[in-house]
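Scroll down for the structure; my scribbles are underneath it.
Keep in mind that this is a model prediction, so the values were computed, not measured.
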Amino acid sequence: MSIAHYYETMDYGPAPEADGEARAWLKRYDATFGHFIAGKFVAPASGKHLATIEPATGKTLAKIAQGIAADVEAAVGAARSAQSSWAKLGGHGRARHLYALARMLQRHARLFAVLEAIDNGKPIRETRDLDVPLAARHFLYHAGWAQLQDREFVDHVPVGVIGQIIPWNFPLLMLAWKIAPALATGNTVVLKPAEFTSLTALLFAELAAEAGLPPGVLNVVTGDGATGALLVENPGIDKIAFTGSTEVGRLIRQSTAGSGKSLTLELGGKSPFIVFDDADIDGAVEGVVDAIWFNQGQVCCAGSRLLLQEGIAETFRKRLIRRMETLRVGPPLDKAIDMGAVVAPVQLERIKALVETGVKEGAEKYQAPGPIPAEGCFYPPTLLWNVHPSSTVAIEEIFGPVLVAMTFRTPDEAVMLANNTRYGLAASVWSETIGLALDIAPKLQAGVVWVNATNLFDASVGFGGYRESGFGREGGREGLYEYLKPKAWSGRKARAKVPPPSPAASHDGAGFGTPSIDRTAKLFVGGKQVRPDGNYSRAVLSPKGKHLGEAGEGNRKDIRNAVAAARSAEGWARATTHNRAQILYYLAENLSARADEFARRIGDMTGVSPARARAEVEASIERLFSYGAWADKYEGTIHAPPLRGVALAMHEPIGVVGVACPDEAALLGFISLVAPLIAMGNRVVAVPSERHPLAATDFYQVLETSDVPAGVVNIVTGERDALAKVLAEHDDVDALWVFGSQEASTAAERLSIGNLKRTLVDHGLALDWYDRVASEGPILLRHAVQVKNIWIPYGD
């Protein structure tokens, strides 16, 4: 080709990136790798390896070790041996190591970028300009938190040994997201990379050791899904951090139930990309390109659902198709291409099958017309137009370069369509009216919202989802807490099992005196006292067996009714924090007016002294005051990522939360769990102490006189563990707190997988409810909110 030809056609010529250094690194190991354990490569215990392919050519690239139980055990043992010394090194020592890792990534940036492109199939422009710099940014940012940890997280300690399982779409970047906060806070790591893309993790481990990271602090065990399952099940692991599919996330939640392992899940998504009729259309078109065709669409937060306001839909379609015609698909090492290869043949076949399903269900297909390489796993940028909201391609995560489009008329309809998904990871809102964009953003059920932007990431800004997109956050201050545990909870002991009292012997006949009037405590649902569905009740006895009264025996239908009442009280989430604070103070005021009555009731039920009973009531009043104070002061923050703009980290209520309360401190424990939730705008279905329920049923009279809206607090008495099980299985419950038996905690975690609800359980370990450090304030408030980060770029 002559220079004149290029001037005439304006065609791009190839601009290949040299891969010699990456190929030399592979050759140095004969393209065959072991695990990286205790600071060195070791052969797999089984002697078996898996072949990984180069997505762009389909040829075998390398062989990685297949991990078995012995390999995982060796890695966990190495991490356990190193953890104490690593934690004792102190924040400054760890900060220096993380800084060294950041500099190591920067020094070897081109090697990592090339190896990542070869191994994953993504364009070199993306690995060079985004993946590697952002990975280095994570280590540098978290070096800062390590330096400040002793002052900023003084009440917390490291979790211990962390098992981390990362996906194949961003192998190096996900490694940095996981490892940096874990190491910064004093934990050690066993990392299991994806079987398709393990090479940059092995390179990172090798160079980290050369940079001085102590042996055992970072261990890498490779293999397929069976290796990951062994890591999850290993009893020496204190926490699992997983990024991957929702289906695997459910299996991990089920496997870790009752083990005491901490868990964070960053799962799938079907993110909406909403364009209003006043948006900058050309800017939004470029946003779509970045939202769905970046990384071949293999992005969990990809803007895969395009929602267009009707007035601009046809104009937008024409401009988008024109832009698609310029996209180039080709070898990932060519610096002039826009999209590389899909990671593996199995993923390519899934994409093709889903697109065919979409067309059969009525969608109009348009694909970019450019040439596609004959070899390798390539798929063209694809648009499916006129997609119905209930069609398969609008519901299922395709995880490929496929955009589905539909229209809306009003902002309310846009919100309904956007939230019409079981996921809740991210969303984009495009409008030149900033007031409209900021009105829509809080209404979207997603952990991250970008305003007039998409796919913005930074180590300082938390990332994570709602609903079936998982729970927990990565990045920012909120992400640090996922790798720390409260000191105040570390010394808890197993709750003593106290046998229930036996009914005292009855006298023969009651005589002819005036009998007391029966007052069987009812349930409290939707702001009303209601009889239990089964019309059964249970006796409430004193420690000596004296009959104190009866409480309703709630069942599955009563829980259903209570959850429905709580869901209908969603206006509480929109109430001002000032209003919620006032009502909590009012609750304290009305409880104080009846303090003597509640103290007598506590004394009768528990047998404690009058002074101790009164102390519990006073502590309960104080706790209500505390959460009245926190209601308008537990606020979000403003992150300052390195761009012209800000990210607003907003604390949002979780929704409907089930609470199973302990037997000890029946009134104080009940209020300590319910008050932080309602202070943050949640609605509650509470199962009070099974043995001492009358403290809670007396309290609903306080609720009735304190302006608490109907449905905000619902109380269902009965067998606590059985009712907690019903709450765990209920898919309209968004979170569940269980404080009671080990069995109840295990069931809550295991049965929560239906909608992947967040859980806070005590594993049968008793809490001192009078200890304000252990049972009041941010220690519980963090679990009463979910953080939404709204990115707002500004300027031209």
Side-chain angles (χ1 to χ4, degrees), residues 521-530 532 551-552 554 558-575 577 579-591 594 598 620-621 623-628 630-631 653-662 665-689 692-718 720 723-724 726-727 730 732-739 760 780-781 783-785:
K522 299 181 179 67
L523 313 182
F524 188 68
V525 176
K528 300 177 182 178
Q529 299 180 39
V530 298
D558 296 310
I559 291 292
R560 184 196 70 185
N561 293 339
V563 171
R567 182 61 64 191
S568 66
E570 60 184 0
W572 181 247
R574 296 191 298 270
T577 56
N579 185 31
R580 295 201 295 263
Q582 282 186 303
I583 289 175
L584 282 157
Y585 286 132
Y586 200 13
L587 283 169
E589 176 187 333
N590 288 332
L591 178 59
R594 299 176 58 182
F598 274 85
S620 300
I621 295 168
R623 197 130 299 170
L624 287 168
F625 255 78
S626 291
Y627 287 112
W630 277 115
I654 299 167
V656 175
V657 182
V659 177
C661 302
L667 178 63
L668 180 58
F670 174 86
I671 288 176
S672 295
L673 296 174
V674 170
L677 286 164
I678 64 173
M680 295 296 102
N682 300 284
R683 293 88 73 199
V684 172
V685 177
V687 179
S689 162
H692 312 305
L694 300 182
T697 58
D698 287 352
F699 188 73
Y700 63 53
Q701 297 171 4
V702 177
L703 293 170
E704 289 174 316
T705 59
S706 301
D707 295 339
V708 178
V712 171
V713 179
N714 306 273
I715 300 171
V716 180
T717 55
R720 180 188 56 217
L723 294 175
V726 176
L727 285 166
H730 200 305
D732 207 26
V733 174
D734 301 302
L736 179 60
W737 293 10
V738 174
F739 287 72
L760 175 63
L780 289 174
L781 288 169
H783 298 277
V785 298

- Could you walk me through whether W572 and N682 pass the side chain to side chain contact (heavy atoms under 4.5 Å, CB included) test, one step at a time? CA-CA 7 Å; W572 181 247; N682 300 284; 5.9 Å; no
Closest non-hydrogen atom pair, [X] against [Y]:
X    : Y    : value
S620 : L591 : CB-CD2, 4.0 Å
F699 : I671 : CE1-CD1, 3.9 Å
G658 : L727 : CA-CD1, 4.0 Å
G552 : P532 : CA-CG, 3.9 Å
V733 : A735 : CG1-O, 3.1 Å
P688 : T717 : CG-CG2, 3.6 Å

- Partners passing side chain to side chain donor-acceptor pair (under 3.5 Å) against D558 (at least two apart in sequence or in another chain): none
- Message: Tell me every residue that passes side chain to side chain donor-acceptor pair (under 3.5 Å) with T577, counting only those two or more places apart in sequence or in another chain.
- Response: none
Kindly write out the residues that satisfy side chain to side chain contact (heavy atoms under 4.5 Å, CB included) with [X], not counting sequence neighbours, or none if the list is empty.
X    : answer
N590 : Y586, V702, T705, S706
D732 : V563, R567, H730
A562 : V525, V685, N714, V716
E570 : R574, R683

- Sequence neighbours excluded, the answer for ring pair (Phe, Tyr, Trp, His ring centres under 6.0 Å) partners of Y700 is F524
- Task: Please list, chain by chain and in numerical order, all residues satisfying salt bridge (charged side-chain N to carboxylate O under 4.0 Å, His left out) with R720, sequence neighbours excluded.
- Result: D663
- Euclidean distance, L667 CG relative to H692 NE2, rounded to 0.5 Å: 12.0 Å
- Message: I need the I621 CD1 to F598 CZ distance, nearest 0.5 Å.
- Response: 9.5 Å
- Candidate pair L780 and W630, rule side chain to side chain contact (heavy atoms under 4.5 Å, CB included), full reasoning: CA-CA 11 Å; L780 289 174; W630 277 115; over 6 Å; no
Distance-only donor-acceptor pairs under 3.5 Å for side chains of residues 672-681, two or more places apart:
unit_1	atom_1	unit_2	atom_2	d
S672	OG	R623	NH1	3.0
S672	OG	L668	O	2.7

- Message: Quick one, L587 with L584, criterion side chain to side chain contact (heavy atoms under 4.5 Å, CB included). Give me CA distance, side-chain angles, the key distance, then yes/no.
- Response: CA-CA 5 Å; L587 283 169; L584 282 157; 4.3 Å; yes
- Verdict with supporting geometry, L523 and N561, side chain to side chain contact (heavy atoms under 4.5 Å, CB included): CA-CA 11 Å; L523 313 182; N561 293 339; over 6 Å; no
- Query: Are any non-hydrogen side-chain atoms of L703 and I715 less than 4.5 angstrom apart?
  - Reply: yes
